[in-house]
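Here the structure is a predicted model, which means the values were calculated and not measured.
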Amino acid sequence: MTAIATTRTTAGSLRTVPALAGIGYAVSWVIALSVPVPNSAFGDSGSSLVARMAGHAVAMDVNNLFSEGLPAIGLVLVSLWLARAAGWSRAGRITAAAGAVAAAISLVEFGIGLALARTTTPDTAHLLFHSLNRLDGVKMFVLAVLGVAGAMTGMLPRWLHYTGIAMAVAIAGSGFAYLLLSSGLATLAYVSLPLLIVFVTGTGIALGRSAE
């Protein structure tokens, strides 16, 4: 009886991992978006960046933690659980790899963001800022692969399947904007980010429910 109860408890705990990871991903982003930070544009000079960031290091750190640091954990967990649920099929393996790469890039961005918040040298600020944006562009393309591969695993509800495809299209467009530092295309982030949050969170919850 004890062994059976322990097995059930362990299985229940495992089921909550993707759901909690997905919910945590969304909560982390909500916190990040609620923290006001200096609004910088692609065309800002190093001097302008330093002036905008002066006195905002703590706010930038908090925003950075909840937009790059913690979401990386939720992203990789949900990706791995989806791949596991798909039996490590080809689409599942691509999903896991894309999630891991995107999470790794996010953690690198977290480090760059910490350095950027503390720099007082215009040239350094300019270099870090544009490196951060271009890395974001690369990460967006990886997330587009994640969306398509995740949808192709066949493990998600129909609405999440289409959300993954829509997210992939929108976030690929955002990726071009950040790689090319194009302010016009960057407005796609207002569409791609909500779709990304819905896709990752919904996938985590769906995986948790499907194991019940």
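Closest non-hydrogen pair, Ala59 versus Pro36, comes out as CB-O, 3.6 Å. The shortest non-hydrogen separation linking Leu49 to Ala125 is CD1-O, 3.8 Å. Closest approach of Val198 to Leu160, counting heavy atoms only: O-CD2, 4.0 Å. Taking all atoms of both residues into account, the shortest heavy-atom contact from Ala102 to Leu143 is CB-CD2, 3.8 Å. The two atoms that bring Ala19 and Gly208 nearest to each other are CB-CA, 4.5 Å, heavy atoms only. Closest approach of His161 to Leu156, counting heavy atoms only: N-CB, 4.5 Å.
The residues Glu109 and Arg134 are annotated as not salt-bridged, no charged nitrogen and carboxylate oxygen being separated by less than 4.0 angstrom.
Judged purely by atom type and a 3.5 angstrom limit, Arg52 uses its side chain to pair as donor or acceptor with the backbone of Asn39. Judged by distance alone, with hydrogens and angles left aside, the side-chain atoms of Ser48 form no donor-acceptor pair with the main-chain N or O of Asp44 at under 3.5 Å.
Taking the six-membered ring wherever Trp is involved, the centroid distance between the rings of Phe129 and Phe42 does not fall below 6.0 Å.
No single ILVMFWY cluster, assembled from side-chain heavy atoms under 4.5 Å apart, contains both Val169 and Val138. Hydrophobic clustering of Ile, Leu, Val, Met, Phe, Trp and Tyr side chains at less than 4.5 Å, counting indirect connections, keeps Val145 apart from Trp88. Following chains of ILVMFWY side-chain contacts shorter than 4.5 Å, one can reach Ile105 starting from Leu132, so the two form part of one hydrophobic cluster.
Side-chain contact, Ser174 with Ser192: a donor N or O sits under 3.5 Å from an acceptor N or O.
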Let me see the working for Val50 and Thr121 under side chain to side chain contact (heavy atoms under 4.5 Å, CB included), right down to the final yes or no.
CA-CA 7 Å; Val50 170; Thr121 305; over 6 Å; no
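The local environment of CZ in Phe110 is crowded, with over 12 non-hydrogen atoms from other residues, nucleotides or ligands closer than 6.0 Å.
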